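Please read the structure below before turning to the comments.
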Amino acid sequence: MRRTQLAGPVLDVAPLLLGTVLRSTTAEGTVAVRITEVEAYDGPNDPGSHAYRGETPRNAVMFGPPGFLYVYFTYGMHFCMNIGTGPTGTPSAVLLRAGEVIEGVELARHRRGVVPALIGTGGVLPGPVRKRPAANPDRDLARGPARMCVALGIDREHNGVDLLAKDSPVRLLDGPGFDGTPSTGPRVGLREAPDWCWRFWIPNDPTVSPYRPHVPKRRA
DNA sequence: TGGTAGATATACT
DNA sequence: GTATATCTACCAA
């Protein structure tokens, strides 16, 4: 992936990212995922975008040049990551929603609390072994934006990393992406613009996160 | 199998 | 104070 490609319209860029590989290296080791699901966010024109109401300390990376990582913390608990797209000053971005772990599976399992000895039985830490375990825990390692950040070891320290620099701890690798026709649908969990089909995924890929429509929280 | 409580940073009203 | 680009454990049936 070249930076000039990422500078294009976000609805063009988002499907291009499907099938490409994101590799993260920390002191713990290296994990790489093949991106299987993304969502497009079109800055000031998109009421669902963090950049819709202008620049804040949190979303500043989106306003910079394309190819930099925008990491944010949400629900008091989870990190999610975007690839900033569009030219400098255009705060569009692509949310990485899911991927298949293709390198460093052992480390990804460790980070996600999956006990190797219990693979296949669905044993997960912390807490007791689930009574009805998932049939295939590896499928879920990076299935969903927050899980993907855990699997790759991404946190707020990675905000602003250049994904296209050879010496970066997180890199978007060169190589062919998904060759077919992506599936599209509404973005997950958004109250705004629920009818915009700006979510793209690789058809029939088991690592794509299940669709959940926005659920307003009831008052206590 | 499906619904929900709870974790609580950040931005907005 | 309220909402949010979420996930997990727990519980009822």
Side-chain angles (χ1 to χ4, degrees), chain A residues 10-11 13-14 17 35-63 69-85 91-99 108-109 111-115 118 121-160 184-201 207-220:
Chain A
V10 69
L11 285 179
V13 173
L17 291 169
I35 298 168
T36 59
E37 179 188 4
V38 298
E39 284 176 0
Y41 286 86
D42 187 24
N45 309 310
D46 178 359
S49 169
H50 285 174
Y52 184 56
R53 294 174 190 84
E55 186 172 343
T56 68
R58 181 172 71 157
N59 66 22
V61 173
M62 298 174 81
F63 289 79
L69 194 65
Y70 165 46
V71 179
Y72 69 92
F73 194 58
T74 190
Y75 291 98
M77 181 175 249
H78 298 298
F79 292 102
C80 297
M81 63 178 151
N82 295 247
I83 297 176
T85 68
S92 52
V94 176
L95 172 70
L96 305 183
R97 283 201 57 86
R109 286 175 186 153
R111 285 171 170 160
R112 293 267 297 120
V114 179
V115 180
L118 299 178
T121 69
V124 178
L125 292 179
V129 174
R130 297 165 63 88
K131 288 179 181 172
R132 260 184 302 283
N136 181 1
D138 281 355
R139 180 197 64 176
D140 294 338
L141 285 176
R143 191 182 194 223
R147 292 167 172 178
M148 193 169 175
C149 282
V150 171
L152 287 168
I154 301 294
D155 61 27
R156 67 176 81 248
E157 297 193 356
H158 294 91
N159 189 44
T184 67
R187 295 177 292 185
V188 173
L190 281 188
R191 181 171 53 89
E192 304 288 349
D195 53 336
W196 296 9
C197 292
W198 283 12
R199 174 175 170 245
F200 303 87
W201 66 93
T207 64
V208 171
S209 64
Y211 174 65
R212 284 183 301 277
H214 174 76
V215 181
K217 253 197 164 161
R218 294 181 320 186
R219 286 202 45 193

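Letters A, B, ... are given to chains in the order of the sequence lines, protein chains preceding strands, and every chain is numbered from 1. Bear in mind that the values here come from a model prediction, so they are computed numbers and not experimental data.
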More than 12 foreign heavy atoms under 6.0 Å from CD of A/E157: is that the case here?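 Open: at most 12 neighbouring heavy atoms sit under 6.0 Å from CD of A/E157.
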Do other residues, nucleotides or ligands put more than 12 heavy atoms under 6.0 Å from the OH atom of A/Y52?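 Not buried by this count: 12 neighbours or fewer within 6.0 Å.
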Tell me which one of A/Y41, A/F63, A/Y72 satisfies ring-ring contact (aromatic ring centres under 6.0 Å, His included) with A/H50.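 Exactly one option meets the ring-ring contact (aromatic ring centres under 6.0 Å, His included) with A/H50, and it is A/Y72.
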Tell me whether the side-chain N or O atoms of A/Y72 pair up with the base of B/dA9 as donor and acceptor below 3.5 Å, since no angle test is needed here.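 There is none.
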With the six-membered base ring of B/dA9 as reference, does the ring of A/Y75 sit under 5.5 Å away with planes under 30° apart?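 No, the aromatic ring of A/Y75 does not stack with the base.
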Quick one: does A/N59's side chain have a donor or acceptor within less than 3.5 Å of a partner on A/G54's backbone?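 Flag set: sc A/N59 to bb A/G54 pair under 3.5 Å.
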So, the side chain of A/T36 versus the backbone of A/A98: is there a donor-acceptor pair under 3.5 Å, distance only?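 At least one qualifying donor-acceptor pair exists.
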Ignoring the backbone of [X], work out which of [options] is nearest its side chain.
X: A/N82; options: C/dT6, B/dT10, C/dA5; value: C/dA5
X: A/L95; options: C/dT4, C/dC7, C/dA5; value: C/dA5
X: A/R191; options: C/dT4, B/dA9, C/dC7; value: C/dT4
X: A/L190; options: C/dC7, C/dA5, B/dA9; value: C/dA5

Any side-chain heavy atom of A/V61 sitting closer than 4.5 Å to one from A/N159?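 Sidechains of A/N159 and A/V61: in contact.
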4.5 Å side-chain heavy-atom contact, A/V71 and A/D155: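 No; the side chains remain at least 4.5 Å from each other.
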Would you indicate, yes or no, if [N] has its OP1 or OP2 atom less than 4.0 angstrom from a side-chain nitrogen or oxygen of [X]?
X: A/R112; N: C/dT8; value: yes
X: A/R147; N: C/dT8; value: yes
X: A/R199; N: C/dA5; value: no

Give the residues of residues 44-63 of chain A touching DNA chain B, defined as any heavy atom closer than 4.0 Å, sorted by residue number.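 A/R53, A/T56, A/R58 - these, ordered by number, are the residues of the stretch whose heavy atoms sit under 4.0 Å from the strand.
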Could you grab the distance from atom CD1 of A/I154 to atom SG of A/C80, nearest 0.5 Å is fine?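 The SG atom of A/C80 is 12.0 Å from CD1 of A/I154, to the nearest 0.5 Å.
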Nearest-angstrom distance, C1' atom, B/dG3 to C/dA5: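 These two C1' atoms come out 22 Å apart once rounded.
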Measure CG/A/N159 against P/B/dT10 and give the value in whole Å, please.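 Distance, rounded to whole Å: 11 Å.
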When Watson-Crick pairs (N1 to N3 and N6-O4 or O6-N4) and G-U wobble pairs (N1-O2 and O6-N3) count only below 3.5 Å on both distances, what is the dot-bracket string of DNA chain B, with | for other-strand pairs? |||||||.||||.
